[in-house]
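Below: the structure, in structure tokens.
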Amino acid sequence: KRERFFSVMEAVSSELDKLFRRLFNGGEASLALADPANIDSGLLIRARPPAKEPRLLDALSGGEKTLVAIAFVLALAAGRPAPFYLLDEVDAALDKANSERLANLLKEYAREAQVIVISHNEELIRHADRVYGVVMREGASEVVAMELVAHARS
Amino acid sequence: KRERFFSVMEAVSSELDKLFRRLFNGGEASLALADPANIDSGLLIRARPPAKEPRLLDALSGGEKTLVAIAFVLALAAGRPAPFYLLDEVDAALDKANSERLANLLKEYAREAQVIVISHNEELIRHADRVYGVVMREGASEVVAMELVAHARS
Amino acid sequence: ATIERLSIAGFKSFRRRVTIAFHTGFTAIVGENGTGKSNIFDALTFVMGRRSRALRAERVEQLLHAPPTGDPVEEAEVALTIAGGGTAWGDLLPMPADEVLLSRRIASGASTYRLQGRTCPARTVEALLGEIHVDPNGFHIVEQGMVVDVLERSPKRRREILDEVA
Amino acid sequence: ATIERLSIAGFKSFRRRVTIAFHTGFTAIVGENGTGKSNIFDALTFVMGRRSRALRAERVEQLLHAPPTGDPVEEAEVALTIAGGGTAWGDLLPMPADEVLLSRRIASGASTYRLQGRTCPARTVEALLGEIHVDPNGFHIVEQGMVVDVLERSPKRRREILDEVA
Ligand SMILES: Nc1ncnc2c1ncn2[C@@H]1O[C@H](COP(=O)(O)OP(=O)(O)OP(=O)(O)O)[C@@H](O)[C@H]1O
Ligand SMILES: Nc1ncnc2c1ncn2[C@@H]1O[C@H](COP(=O)(O)OP(=O)(O)OP(=O)(O)O)[C@@H](O)[C@H]1O
Ligand SMILES: [Mg+2]
Ligand SMILES: [Mg+2]
């Protein structure tokens, strides 16, 4: 039971590092028990963006925290894969470059699992296999299937 | 003292309604005491977007809540004007049309007060009198004054 | 397992029945503020068993569609078609099936679940979803504004998360 | 009153001294994630008296710039030039002035305030800012991720807000 836990923590930690490096183009991340001797102690997330000194999670920027949180959520799949991911505007704090990196990562996850994303972000939407538009008419929501049109400005 | 409070509440409530209608292109908003007989009871915010039935604040969408919150913060100026507004990414949840409406409103407030906004949103940035770009080099932040260039695509 | 179709009627901002096909891969849902995107999210988690408090409603009645003028509707229903549960669902279904229709209805202030059209208790739905690793309160479902919440929870809470996936 | 200039040295991600002129009207601060925009926000509220806990740091030492390799700097300073305080500041300044230089320094684990270059207690800064209706924890200052907080606070807390502006 104890071995099972450590092997899952190791798998998720190494997946977290892999995803972090991918989203940040470098740096490192890992999980650790607050007290390695006590299996029930709290779980710490260590995250160090590239070209920066390791620092409290809380000192990270809004966009950096978003990427770490998403990496953690996706890394949990190394413990138990989820059949679908349902993400509502998780990209609100991301700049263009990070939105693009996240979109590419989600596209990869979408090969194994269903990825359903609500977003206002063109970067993310461009990578989708299908797009549904929601409109409101007279207080009632309606859903329209939308065509992904290639823009003149790439 | 009691009269002073009610007159401030009335002024802020009517300003909130004015700002709300402006940001939502209609609808209505107001402030009310939870118990009108008790001057120390809680303060309720009523907000009804256009073409929708009045509903709990909590049932509003992310973008709608953002607009109500900003309208409330700006309406407080009717009680006591602030010399500057410092807003860090308050527009994260807003779609293009709402960002545009917010930007126009902030531009107006900027005639009387200083408005300093941190944003990734082109709609908001376009309306600014000046833009500072922040970059990071070798773990150190640097600030550059930027030129607002009129885009070919308006 | 995959989510095939979601059908929403009378729930939150959905007056007439709306059906959305999800398919495999990457689906994006877009639209202006206040149009109903997060309400689709709510419908999906609602039919999977999430409580009304987590759906931005204080009581189940508030989930019934209320038009701008006039009375709220009397009934709301959300139906979800899931495929590929395979053998995991063996005992929980009335008879073996590749596709499962799971629905949840609100009427007269109460909510009822149906599986393949037959009424069933909430725990059957919970067990069925558990078999395919779906948890309406799970980490693979991230509500609007909640993405960094997992970092702000106490280290203890985060430690429990690992248990849940282990 | 207006904020004229903000000067940041050794504070959070600012190694060499950076000076930003604010002027009247609408100023936008842009840049990619993690470049230091919110740190500018923090510098502005820091010099006005906000506590380190509200600046994403547990202790004041964490506000000292730490380069990617090597030791943190020994000292941090943020200086703010405010104009147009007018007669409101009469008694609080050493002598009448149109422009006021307010600065806050961290060294040896302690923070000190200076007004026109002379050391002063935190309450003098608080009084000075109060005269021009500036509150480092006021509603005219909205931190990243906190905009809807005012709606989520209890109605009691919101009621107190009205008192603060009345
Ligand atoms: N029971 C109900 N009946 C009718 N309309 C409702 C009901 N509950 C919520 N709504 C409406 O649904 C709208 C919110 O929809 P939703 O939260 O899905 O928006 P959204 O598309 O996610 O917007 P955003 O981009 O701002 O997050 C609100 O305007 C609200 O008035
Ligand atoms: N004491 C410090 N020394 C050096 N760097 C620091 C210090 N404190 C914070 N930082 C760095 O500052 C960066 C965060 O900056 P900030 O929060 O201002 O970003 P931002 O521009 O607001 O980004 P976002 O758009 O993502 O919100 C972090 O990468 C953090 O590592
Ligand atoms: Mg939403
Ligand atoms: Mg920031």
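No hydrogens, no waters, no symmetry mates; every other heavy atom, side chains included, goes into these values. Numbered from 1 within each chain, the chains take letters A, B, ... in sequence-line order. Model, not experiment: these values are computed from the prediction.
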- Decide if atom CD of Q116(C) counts as having more than 12 heavy atoms of other residues, nucleotides or ligands within a radius under 6.0 Å. yes
- Query: Given that the side chain runs from C-beta out, which part of V90(A) has a heavy atom under 4.5 Å from chain C: side chain, backbone, both or neither?
  - Reply: both
- For chain C, the option from V135(A), L31(A), V12(A) that forms the most heavy-atom pairs under 4.5 Å: V135(A)
- Item | Contact origin within S119(A) toward chain C - heavy atom pairs under 4.5 Å | backbone
- In terms of heavy-atom contacts, does CD of E138(A) have more than 12 from other residues, nucleotides or ligands at under 6.0 Å? no
- Message: Are more than 12 heavy atoms, taken from residues, nucleotides or ligands other than R114(C), located less than 6.0 Å from that residue's CZ atom?
- Response: yes
- Message: Can a donor-acceptor pair be found, under 3.5 Å and without considering hydrogens, that links the side chain of Q114(A) to the backbone of H23(C)?
- Response: yes
- Query: So, the side chain of R130(A) versus the backbone of A21(C): is there a donor-acceptor pair under 3.5 Å, distance only?
  - Reply: no
- Applying a strict 4.5 Å limit to non-hydrogen atoms, the region of I116(A) in contact with chain C is both
- Query: Side chain, backbone, both or neither: which part of E143(C) has a heavy atom under 4.5 Å from chain A?
  - Reply: backbone
- For A69(A) and V147(C), work out which heavy atoms get closest and say how close. CB-O, 3.3 Å
- Query: For I39(A), is it the side chain, the backbone, both, or neither that has a heavy atom closer than 4.5 Å to a heavy atom of chain C?
  - Reply: both
- Task: Report the option among I3(C), T2(C), D135(C), D149(C) that has the most heavy-atom pairs separated by less than 4.5 Å from atoms of chain A.
- Result: I3(C)
- Look at atom CZ of R123(C) and say whether more than 12 heavy atoms of other residues, nucleotides or ligands are closer to it than 6.0 Å. no
- Could you walk me through whether F72(A) and I161(C) pass side chain to side chain contact (heavy atoms under 4.5 Å, CB included), step by step? CA-CA 11 Å; F72(A) 181 71; I161(C) 294 170; 4.3 Å; yes
- Task: Just give me the residue among S13(C), S154(C), G84(C), A1(C) that pairs up with chain A most often, heavy atom to heavy atom, under 4.5 Å.
- Result: S13(C)
- Note on the structure: CD of E152(C) to CG of D58(A), rounded to nearest 0.5 Å, is 6.5 Å
- Query: Got a second to check how far F84(A)'s CZ is from I82(C)'s CD1, nearest 0.5 Å?
  - Reply: 8.0 Å
- Greater than 12 external heavy atoms within 6.0 Å of Q62(C)'s CD: yes
- Check V30(C) against M146(A) and note the closest heavy-atom contact, atom names and distance. CG2-SD, 3.8 Å
- Determine the option with the most heavy-atom pairs under 4.5 angstrom with chain A, choosing from I40(C), T19(C), V142(C), V148(C). V142(C)
- Locate the shortest heavy-atom distance separating V18(C) from S141(A); write the atom from each residue and the value. CG2-O, 3.8 Å
- Check against side chain to side chain contact (heavy atoms under 4.5 Å, CB included), K37(C) and H120(A): CA-CA 11 Å; K37(C) 307 179 294 297; H120(A) 288 127; 3.6 Å; yes
- In Å and rounded to the nearest 0.5 Å, what is the CG to NE2 distance from L76(A) to H140(C)? 10.5 Å
- Is it the side chain or the backbone of Y85(A) that comes within 4.5 Å of chain C heavy atoms, both, or neither? both
- K107(A) side-chain N/O to G25(C) backbone N/O, donor-acceptor pair under 3.5 Å: no
- With a 4.5 Å cut-off on heavy-atom pairs, point out which of V68(A), V8(A), V117(A), L57(A) contacts chain C the most. V117(A)
- Gap separating the CZ atom of F41(C) from the CG atom of L87(A), nearest 0.5 angstrom: 8.5 Å
- Heaviest contributor of heavy-atom pairs below 4.5 Å to chain A, chosen from I20(C), L151(C), V150(C), is L151(C)
- Message: Report which part of N121(A) has an atom under 4.5 Å of a heavy atom belonging to chain C: side chain, backbone, both, or neither.
- Response: neither
- chain A heavy atoms under 4.5 Å from R16(C): which part of the residue, side chain, backbone, both or neither? side chain
- Over all heavy atoms of both residues, which pair between L86(A) and L44(C) is shortest? Give the atoms and the distance, please. CD2-CD2, 3.8 Å
- Is it the backbone or the side chain of E112(A) that comes under 4.5 Å from a heavy atom of chain C, or both, or neither? neither
- Given that the side chain runs from C-beta out, which part of I132(C) has a heavy atom under 4.5 Å from chain A: side chain, backbone, both or neither? backbone
- Query: Between OG1 of T27(C) and CD1 of I125(A), what distance do you get to the nearest 0.5 Å?
  - Reply: 12.5 Å
- Looking at S41(A), S7(A), A34(A), which one has more heavy-atom pairs under 4.5 Å with chain C than the rest? S41(A)
- Can you say whether P68(C) sits under 4.5 Å from chain A via the side chain, the backbone, both, or neither, judging by heavy atoms? side chain
- Please flag which part of A113(A) lies under 4.5 Å from any non-hydrogen atom of chain C: side chain, backbone, both or neither. backbone
- Query: Is it the case that more than 12 heavy atoms not belonging to E142(A) sit under 6.0 Å from its CD atom?
  - Reply: yes
- Among A93(A), G42(A), A47(A), the residue with the most heavy-atom pairs under 4.5 Å to chain C is G42(A)
- Item | Between P67(C), S38(C), P155(C), G34(C), the one whose heavy-atom pairs under 4.5 Å with chain A are most numerous | P155(C)
- Query: How about N39(C) and V134(A): do any of their side-chain heavy atoms sit closer than 4.5 Å?
  - Reply: no
- Correct closest heavy-atom pair for K156(C) and D40(A) would be NZ-O, 2.9 Å
- Note on the structure: When every non-hydrogen atom of H133(C) is compared with those of P83(A), the smallest separation belongs to O-CD, 3.4 Å
- If you count heavy-atom pairs under 4.5 Å with chain A, which of K12(C), H65(C), Q144(C) comes out on top? Q144(C)
- Item | Other residues, nucleotides, ligands: >12 heavy atoms within 6.0 Å of N38(A) CG | yes
